[in-house]
Amino acid sequence: MNYNIGLLKGDGIGPEIVSSAVKVLEKVGAKYGHTFSFTDYLIGGIAIDTVGEGLPKETVEGCLGSDSVLLGAVGGPKWDTLPGNQRPEKALLGIRSAMGLYTNLRPAKLYPALKDASPLRADIVEKGFDIMMVRELTGGIYFGERGRREGKYGPEAYDTEAYSVMEIERIARVAFETAMKRNKKVISVDKANVLESSRLWRETVHRIAADYPEVECTDMLVDNTAMQIVRNPAQFDVVVTSNMFGDILSDEASQITGSIGMLASASLGDTSRGLYEPIHGSAPDIAGQNKANPIATILSAAMMLRYSFSLMEEADCIENAVNKVLDKGYRTADLAMGRDIPTLSCSEMTDKILEEI
Ligand code: NAD
């Protein structure tokens with residue numbers, strides 16, 4: 001098969017880590033008989049410097065014409081003084097919305113070789129964990145009606161959480177479909193003891209659950225979930241939740257893995273075309289020094305194979321290669337965790353992963 005992949009390298013370490021992922025995709029393509037064609041499009045600070053805007057029209061059109069899109073990261077001190085709506089990070093919201101991406105998938109997995117990196121106690125991480133956060137991305141309080149007004153105690157501000165049945169149904173289906181490819185467990189997170197929007201969320205998720213009898217579906221209140229993630233992360237398989245709860249809980253879950261340079265993400269909509277990116281930023285402090293950990297971006301490319309192209313074996317191949325390299329003890333500087341051990345550069349880590357494919 002031939003696949004056209006749009007590349008948004010962006011700023012800082014973006015170009016280095018995306019180039020690593022491209023090499024990995026090319027190697028996997030050669031092994032399994034696929035051709036991946038890559039086209040670069042400008043986004044973020046580099047786009048502002050080159051054409052005067054963070055998200056040029058050509059980039060949007062190019063991404064919409066691609067089979068899927070891989071993004072590095074955007075932003076950096078050079079553009080920090082620009083007004084909010086002209087900053088590189090604004091381009092991210094723009095491209096997600098132009099591509100109609102309403103689901104954010106963020107795996108938070110503990111790699112056995114990196115157990116020491118987790119801030120959790122050894123007895124808690126002993127069992128390992130592999131959580132898939134499914135966060136609704138385009139609804140809820142971040143997009144609801146907001147404003148300032150005169151209230152009971154004087155001037156006040158308000159934001160509104162609103163979810164339609166349609167929005168809940170479609171994210172619930174993504175969660176159940178995802179669970180079907182994993183351990184068939186969905187935990188739906190809400191605040192149904194207080195919020196009416198959460199009561200509709202709960203009712204709707206259960207109606208959709210009836211279409212997936214093989215999947216065990218349970219509810220958990222968001223405050224309890226925040227505790228359970230650090231108390232017993234092994235209990236989770238797929239977690240589905242609203243935009244704001246997902247924003248907070250996915251960051252919490254990422255931190256217990258202990259390694260920001262390892263975490264991938266996917267944003268998906270109604271088509272197979274998605275936007276895949278590491279969860280970290282552009283790391284300006286190490287940009288251009290060949291020090292970045294490329295694994296989060298390489299694992300994002302693996303997610304693209306799995307979720308956009310249904311190339312499961314190929315995705316497994318990349319993930320296994322990463323596991324083997326870590327098991328053999330190879331580390332980039334961010335994974336050394338203060339220990340005085342030899343570390344690999346971005347390109348050396350990429351080469352080790354290529355050797356295992
Ligand atoms: P950051 O994630 O870029 O960096 C935080 C720390 O983690 C830094 O010390 C950095 O060196 C390290 N780090 C991050 N990724 C790494 C990797 N792959 N390998 C090794 N070390 C890594 O967060 P920040 O410093 O808060 O933000 C820097 C810039 O990135 C800002 O302009 C911010 O707005 C932007 N940002 C962009 C995105 C995105 O593009 N999706 C996300 C977050 C932040």
Side-chain angles (χ1 to χ4, degrees), residues 6-21 24 41-49 54-55 59 63 69-97 99 101 104-106 111 114 117 119 135 137 246-248 250-251 254-255 257-267 274-301 303 322 325-326 330-338 341 343-350 352-353:
L7 298 181
L8 304 175
K9 291 179 179 162
D11 307 313
I13 59 171
E16 306 161 47
I17 53 181
V18 170
S19 300
S20 295
V24 167
Y41 299 102
L42 293 171
I43 194 166
I46 177 88
I48 294 172
D49 288 355
L55 184 60
T59 298
C63 290
V69 180
L70 184 66
L71 170 83
V74 299
K78 184 174 176 193
W79 306 280
D80 275 352
T81 49
L82 291 174
N85 63 352
Q86 289 169 31
R87 285 181 56 138
E89 293 82 354
K90 186 87 196 326
L92 289 179
L93 297 181
I95 192 66
R96 287 180 191 140
S97 134
M99 291 174 69
L101 307 172
N104 188 224
L105 294 185
R106 264 171 67 164
Y111 286 82
L114 299 180
R135 167 189 170 194
L137 205 54
D247 188 6
I248 298 165
S250 62
D251 267 15
S254 72
Q255 283 310 295
T257 68
S259 43
I260 195 171
M262 299 286 301
L263 297 167
S265 80
S267 300
L275 178 68
Y276 297 83
E277 56 182 307
I279 74 157
H280 59 70
S282 59
D285 51 335
I286 54 166
Q289 299 172 34
N290 197 18
K291 280 187 187 162
N293 182 352
I295 295 179
T297 317
I298 290 170
L299 292 174
S300 300
M303 287 187 85
V322 168
V325 166
L326 294 173
Y330 295 115
R331 302 284 185 267
T332 42
D334 58 304
L335 300 177
M337 293 146 223
I341 54 169
T343 55
L344 301 186
S345 65
C346 179
S347 52
E348 287 167 339
M349 178 54 101
T350 308
K352 290 291 172 205
I353 294 169

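Residue numbers count from 1 along this sequence. Just follow the structure's listing: the first ligand is 1, and inside any ligand the first atom is 1. Hydrogens, waters and symmetry mates are skipped; everything else that's a heavy atom, side chains included, is used.
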Problem - Lys/Arg-Asp/Glu bridge criterion (N-O < 4.0 Å) met for R106, D251 - result: yes
Practice task
For atom 27 (O) of ligand 1, state whether the nearest protein heavy atom is under 4.0 Å away.
Solution key: no
Fill in the blank from the handout: Within 4.0 Å of some non-hydrogen atom of G76, the atoms of ligand 1 are 32 (O)
Completion exercise
Looking only at protein heavy atoms, what sits closest to atom 37 (C) of ligand 1 is V74 O, 3.1 Å
Completion exercise
closest protein heavy atom to atom 8 (C) of ligand 1 is D285 OD2, 3.5 Å
Practice task
Name the closest protein heavy atom to atom 7 (O) of ligand 1, giving the residue it belongs to and the distance to 0.1 Å.
Solution key: I260 CG2, 4.0 Å
Exercise for the section: Give the residue, atom name and distance (to 0.1 Å) of the protein heavy atom nearest atom 13 (N) of ligand 1. Expected result: A283 CB, 4.0 Å
Exercise for the section: Measure the spacing between OG of S267 and CD of E277 and express it to the nearest 0.5 Å. Expected result: 5.5 Å
Handout entry: Non-hydrogen protein atom less than 4.0 angstrom from atom 35 (C) of ligand 1
Key = yes
Completion exercise
Numbered in order shown, the ligand 1 atoms found under 4.0 Å of a heavy atom of E277 are 41 (N)
Exercise for the section: Taking atom 11 (O) of ligand 1 as the reference point, report whether a protein heavy atom occurs under 4.0 Å from it. Expected result: yes
Handout entry: Side-chain (N293) to main-chain (C346) donor-acceptor, under 3.5 angstrom
Key = no
Completion exercise
So for T297 against ligand 1, with non-hydrogen atoms under 4.0 Å, the contacting part is neither
Problem - Short side-chain to backbone donor-acceptor contact, R135 and L105, under 3.5 Å - result: no
Handout entry: Between CG on residue L263 and OG on residue S300, distance to nearest 0.5 Å
Key = 9.0 Å
Completion exercise
Checking heavy atoms under 4.0 Å, the part of P284 that sits near ligand 1 is side chain
Exercise for the section: Return yes when at least one protein heavy atom is under 4.0 Å from atom 24 (P) of ligand 1, and no when none is. Expected result: no
Completion exercise
If you compare K78, M262, E89, H280 by their heavy atoms, the one closest to atom 15 (N) of ligand 1 turns out to be H280
Practice task
Test side chain to side chain contact (heavy atoms under 4.5 Å, CB included) on L71 and I95 and set out the steps.
Solution key: CA-CA 11 Å; L71 170 83; I95 192 66; 5.9 Å; no
Problem - Subset of ligand 1 atoms that lie under 4.0 Å from at least one heavy atom of L92 - result: 39 (C), 40 (O), 41 (N)
Practice task
Start with the C-alpha distance between I48 and L82, add both sets of side-chain angles, then the distance that settles side chain to side chain contact (heavy atoms under 4.5 Å, CB included), and finish with yes or no.
Solution key: CA-CA 11 Å; I48 294 172; L82 291 174; 3.9 Å; yes
Practice task
Decide whether S282 and D11 meet the rule of one side-chain donor and one side-chain acceptor closer than 3.5 Å.
Solution key: no
Exercise for the section: Would you mind running through ligand 1 and noting each atom that sits below 4.0 Å from a heavy atom of I286? Expected result: 11 (O), 20 (C), 21 (N)
Exercise for the section: Can you see which heavy atom on G76 is nearest to which on P284, and at what distance? Expected result: CA-CG, 4.2 Å
Exercise for the section: May I ask you to check if ligand 1 and D80 share an N or O to N or O distance below 3.5 Å? Expected result: no
Problem - Subset of ligand 1 atoms that lie under 4.0 Å from at least one heavy atom of A73 - result: 40 (O)
Practice task
Start with the C-alpha gap between I43 and K9, add the side-chain angles, then the distance that decides, and say whether side chain to side chain contact (heavy atoms under 4.5 Å, CB included) holds.
Solution key: CA-CA 7 Å; I43 194 166; K9 291 179 179 162; over 6 Å; no
Practice task
Indicate yes or no for a side-chain donor-acceptor contact from T59 to the backbone of L55 under 3.5 Å, with no hydrogens or angles considered.
Solution key: no
Problem - Heteroatom distance test (I17, ligand 1): nitrogen or oxygen, under 3.5 angstrom - result: no
Completion exercise
In terms of its nearest heavy atom to atom 17 (C) of ligand 1, the top option of N293, D334, I295 is N293
Practice task
Show your working on side chain to side chain contact (heavy atoms under 4.5 Å, CB included) between M262 and T257 and close with a plain yes or no.
Solution key: CA-CA 9 Å; M262 299 286 301; T257 68; 5.8 Å; no
Exercise for the section: Decide whether the shortest distance between a heavy atom of A296 and an atom of ligand 1 is less than 4.0 Å. Expected result: no
Problem - Distance filter under 4.0 Å to G75 heavy atoms, resulting ligand 1 atoms - result: 32 (O)
Practice task
Find the distance between CE (M349) and CD1 (I298) and round it off to the nearest 0.5 Å.
Solution key: 8.5 Å
Practice task
Please confirm whether P278 comes within less than 3.5 Å of ligand 1 when only nitrogen or oxygen atoms on both sides are compared.
Solution key: no
Practice task
Give, for atom OG1 of T81 and atom CD of Q86, the distance between the pair rounded to the nearest 0.5 Å.
Solution key: 10.0 Å
Problem - Selection from P88, G281, S282, A292 by shortest heavy-atom distance to atom 29 (C) of ligand 1 - result: S282
